[in-house]
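Structure, as structure tokens:
Below, chains carry the letters A, B, ... as their sequence lines are ordered, and counting in each starts from 1. These numbers were taken from a predicted model, which means no experiment stands behind them. Scope of the values below: all heavy atoms of this structure, side chains included, with no hydrogens, waters or symmetry mates.
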Amino acid sequence: MAELPKSYEPKNVEKHWYEFWLQKGYFKAEDKSSKPAFSIVIPPPNVTGVLHIGHALNCTLQDIIVRFKRMQGFNTLWLPGMDHAGIATQMVVEKKLAKEGVKREQLGREKFEAKVWEWKEESGGMILDQQKRLGISVDWERSRFTLDEGLSKAVRKTFVDLYNAGLIYKGNRLVNWCPRCKTAVSDLEVKHTETKGSLWHIAYPLTDGSGQLVVATTRPETMLGDTAVAVHPEDERYKNWVGKKIKLPLVGREIPVISDSTVVKEFGSGVVKITPAHDFNDYETGLRHKLPMISIFDERGIVNENGGGYKGLKGPDARKKVLEDLTALGALVKEEPHALSVGRCDRCETVIEPMLSDQWFVKIEPMAKPAIKVVESGQIKFVPENWTKTYLDWMYNIKDWCISRQLWWGHRIPAWHCGDCKKVTVQMEDATICGHCKSKNIKQDPDVLDTWFSSALWPFSTMGWPENTAALKTFYPTSVLVTSFDIIFFWVARMIMSGLYFMKEIPFKTVYIHALVRDERGQKMSKSKGNTVDPLGLVEEYGTDALRFTLAALVASGRDIKFNEDRLDGYSNFINKIWNATRFSLTALEIIKLDSNVAAQNLTLPDQYIVYELEQTIKNVTSALEDYKFTEAAGFLYKFTWNEFCDWYLELSKPVLYGVDEKQKTASGTVLIYTLERLARLLHPFIPFVTEEIYQKLPGGLAKESIMIQPYPTLEDSFLKLGSVKASEEIELIKSIVTAIRNIRGENRISPAVKISLSIACDDKNASKALQRNTVFITSLARLEKIDWLASPGDTQKSAVSLVTVGKIRVTVVIPLTGLVDFAEEIKRVEKELEKNRHDLELTQRKLGTETFIKNAPAEIIAQEKERQVQLLDKQAQLKESLSRFN
RNA sequence: GGGCGCUUAGCUCAGCGGUAGAGCGCUUGCCUUACAAGCAAGAUGUCGCAGGUUCAAUCCCUGCAGCGCCCACCA
């Protein structure tokens, strides 16, 4: 057998195995199969850039699930792809062009689009490489891009169908407008941030000269577009003013005083200026009162001709000038500090300006209703559950969705405007004549669709919809969607709505929502903050497996994961630990033979114990994974691997493997390798590379072509019959004895090189026999010369004595200390134990002394407490006696 | 203004009705022929604060405080 390196070197193996898997086609799913289907569609990353650690988390979790299901025998599809990410990508390319001194307008639409495609190839390639490094087992041949021909067709069909159903309409509405991106954005793309501002009180004179009304506003420049002033209908102060007219200062326009119940009397002066074209509240008020709506800004946020003398000024400059002029007029009554929330563009952080413009909308309510129902009824489940409420609350209050964007990168809206009859033609095919008047004087709508419009179709558009494909039949609805909470509204909700509308079926049965990864101070990672953690850097340093295991172990956190490299460091040691356990096992194989028909009677106690523990681990890990409890599953695996298999079993197996009993050697060696093989399979979904490497090193006959196509270990495995609970319990006793001896050795600083002799007395005959049969394990692990088995402790002069109890069995370990140590250490050790004993005993006795406890607690608990008391008293007596001997 | 989380060992985090766990860090001793990225032993916690429910509370309930997130048109 070839020598294995002393430490695991991921770099040498990861690339190799990934290519091997690809070449073998293991990631491919079957459109038709006798196996049950399991499917996941990947949340497509934006083509804009490199993956961050959040993607790594997202991919890792999905890959764990997918590999687990694949091994369980499902026809498993994990469908990959990328999102064209309209606004984000356009911005990136615009920035890149700006560096070359080019504006997109100079290039023109077509050339600009070509540039984006160019860039998409480059950036998309990088993402692919990154994903591969993470080991994701997606079916690459099914990879989709939201601007693919097929998906574009799906988008068109969706648009046309919804339009024909009256669920898409075009309207001149007040929308969120980003003056920098020069496009409308949806409500979700506006981020509100608390900002310090002012509340300015401005005097508006009445036209009849009977006085003035003072309005309060945070945006004085918008007065240029005021078309009314409103007061509350029951506000006694202003009752008589309603119906009168005001002469708007600076502008000179006459506007009415109206009454509207949305006005809050207590706020400011109780008088509100109404600017329907630049404020969402005012817009509503304007509609109710049929007020004129005057836009005063152009698409760049600069005052237009409606702003009179202020034309050409940018928002902030206009404000300054308006305030100056008002002051000069004496109309500025006062200015007070006022905190307000300012909406900013999600992408570029520019302050959003509500603007009137022609946009396309989805009438969302008819689609929302069924989408609410399927979640309320539990047809779609959120994990963790509490996200259900978040989802539903948003859905109950959902508003029409503005889907048009004034961008060049994206799905062009399939609508053609007629220059003659002015009507709109909406259809699948590119139109050449007007569908109404047959005129050829038509032009396609210049706008593109919101990126999320195409993402909403992802679970079925990627499988070939609108064609009725075999893939759809087999894999839709998908099994689970894995994503983070920040896109529940953007994406999850819309997929549910469109899935139900177009497929008449839910898009996925479970939505697993995971945390967001933040930096070690809890800040959201972003490029601008420079606090991003590059997963590839971590992969380079620690290996993919270590990163994956760490992410799985950390994911249980509530809402966010503060990424901490120390944890990664710890788990990378874990990978190395497994590697070395393998090295040991394989070395052992050089001296023993494998026997697939290993006879139960040749098994050692440790063999029976480890198989039993393996069985428990299979049970625990499988059930944790079924429930998406990744952290728990990782924990079970970690404990079994390190604390049972390595710390105890491997050590226990040494005296056997290096011993003389050939039958035992064969049996033990076989159990060792078989357990390792099952453990590798159990671990594979989490750490695919090292487990494949290990698997491939296993002796012939045991290792098949690849670990990733082997079954996930189950309780049906006949090997597990070799396990025994009783053996596990006996090993527990041995562990306790060994630990007690080590404790005495350690505290007394008895050199590990010194082999000591001691005596052990056990009060239980059967246990005593069992222990004696297994003496070798105790002497080996505790580094003993020999053990005298006694019926009772006997003479304990100048000895360290330790009472070990497991269940009802009491074992006394007596270690003669003569000539070995200074007794002062042993006295300290005993006193320390006595102190703890005192404390525990007090707690127990207090409990047992409480009448209500005896009366109300379950018998089981009382018995347990009594047992504890007996043990503690025993121990106390022993400790006291020990002390007295040294005095 | 509504909603949701979080607060556990020095740090990063699990756990969750019966006397607290992991990794890193720390102390002591070990190159014991798988692993010094290791082994063994050990120290460290009024489980945010105050009430309540319970025989029993870190865990359930209420209130409070601190931190964070999401949603919301109070100009």
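Here B:C13 is the nucleotide among B:A34, B:C74, B:C13 with the atom lying nearest to any side-chain atom of A:L554. Counting only heavy atoms from C-beta on, A:R783 has its side chain closest to B:U32 among B:G18, B:U32, B:A41. Of the candidate nucleotides B:C74, B:G18, B:A41, B:A41 has the atom nearest to the side chain of A:T739.
Side-chain polar atoms of A:D260 and A:T285 form no donor-acceptor pair below 3.5 angstrom. Side-chain contact check for A:T222 and A:K273: at least one donor-acceptor pair (N or O, by modelled atom type) lies under 3.5 Å. Under 3.5 Å, the side chains of A:E860 and A:Q864 contain no donor-acceptor pair of N or O atoms.
Heavy-atom neighbours of A:K265 NZ from other residues, nucleotides or ligands within 6.0 Å: above the threshold of 12.
Rounding to the nearest 0.5 Å places CD1 of A:I854 at 5.5 Å from NZ of A:K866.
Contact annotation: A:Y396 does not reach the phosphate of B:G2 (side-chain N/O to OP1 or OP2, under 4.0 Å). Contact annotation: A:K654 side-chain N/O to B:A34 OP1/OP2 distance is under 4.0 Å. Note on A:H338: every side-chain N or O is 4.0 Å or more away from OP1 and OP2 of B:C74. Considering only side-chain N and O atoms, A:K577 lies under 4.0 angstrom from the phosphate OP1 or OP2 of B:C39. In this model, the phosphate group of B:A34 is not approached by any side-chain N or O of A:K6 to a distance below 4.0 Å at OP1 or OP2.
Rounded to an integer number of Å, the gap from A:F563 CZ to B:C24 C1' is 13 Å. The separation between A:W648 atom CH2 and B:U32 atom P is 19 Å, rounded to whole Å. We find that CD1 of A:I561 is positioned 14 Å from C1' of B:G5, with the value rounded to whole Å. Between the C1' atom of B:C70 and the CZ atom of A:F485 lies a distance of 8 Å, rounded to the nearest Å. Atom-to-atom, CD1 of A:I513 to P of B:C70 comes out at 15 Å; the value is rounded to the nearest Å.
Comment: A:E747 does not engage A:R829 in a salt bridge, judged by the lack of any side-chain N to carboxylate O separation of less than 4.0 angstrom. Under a 4.0 Å N-O distance rule, the pair A:E842/A:R838 does not qualify as a salt bridge.
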Dump the pairs, protein N or O against N or O of nucleotides 71-73 of chain B, anything under 3.5 Å, distances to one decimal.
unit_1, atom_1, unit_2, atom_2, d
B:C73, OP1, A:K399, NZ, 3.4
B:C73, O2', A:N281, ND2, 2.8
B:C73, N1, A:N281, OD1, 2.9
B:C73, O2, A:N281, OD1, 2.1
B:C73, O2, A:N281, ND2, 2.4
B:C73, N3, A:N281, OD1, 3.0

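Within the 4.0 angstrom heavy-atom criterion, only backbone atoms of the sugar-phosphate kind lie near A:Y638; the bases stay farther away. Note on A:D647: only backbone sugar-phosphate atoms sit closer than 4.0 angstrom, heavy atoms only; bases stay farther off. Among the protein residues, A:V215 comes within range of no part of the nucleic acid, since none of its heavy atoms lies under 4.0 Å from any strand. When heavy atoms are screened at a 4.0 angstrom cut-off, A:Y658 is found touching the sugar-phosphate backbone but no base atom. Base contact: A:L872 has a heavy atom under 4.0 Å from a base atom. A:L650 comes within 4.0 angstrom of a base, heavy atoms only. At the heavy-atom level, A:W642 lies under 4.0 Å from the strands shown only through sugar-phosphate atoms. No contact: A:H232 has no heavy atom under 4.0 Å from any strand. A:K639 comes within 4.0 angstrom of no nucleic acid atom, judged by non-hydrogen atoms across all strands. In this structure, A:N856 reaches the bases: a heavy-atom distance under 4.0 Å links it to at least one base atom across the strands shown. Among the atoms of the strands shown, only primed sugar atoms or phosphate atoms (P, OP1, OP2) are found under 4.0 Å from some heavy atom of A:R742. A:D840 comes within 4.0 angstrom of a nucleotide base, judged by non-hydrogen atoms across all strands. At the heavy-atom level, A:K832 lies under 4.0 Å from the strands shown only through sugar-phosphate atoms.
Not a single donor-acceptor contact under 3.5 angstrom links the side-chain atoms of A:T587 to the base of B:U33. Residue-to-nucleotide contacts include a donor-acceptor pair under 3.5 Å from the side chain of A:E651 to the base of B:A34. With hydrogens and angles ignored, a donor-acceptor pair closer than 3.5 Å exists between the side chain of A:S7 and the base of B:A37. The base of B:U12 sits within donor-acceptor range of the side chain of A:R567, with an N or O pair under 3.5 Å.
A distance of about 10 Å separates the C1' atoms of B:A14 and B:U8, rounded to the whole Å.
Residues A:N643 and A:R868 both approach RNA chain B. Their nearest nucleotides, taken by heavy-atom distance, put A:R868 toward the 5′ side. Position along RNA chain B of the nearest nucleotide to A:N573 versus A:G270 favours A:N573 as the more 5'-ward residue.
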- Message: Using side chain to side chain contact (heavy atoms under 4.5 Å, CB included), reason through A:V375 and A:L392 one step at a time and then give a plain yes or no.
- Response: CA-CA 8 Å; A:V375 171; A:L392 287 174; 4.2 Å; yes

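With both pairing distances under 3.5 Å, B:C60 is matched to B:G52 as a Watson-Crick or G-U wobble pair. Pairing for B:C6 is with B:G66, a Watson-Crick or G-U wobble pair whose two hydrogen-bonding atom distances lie under 3.5 Å.
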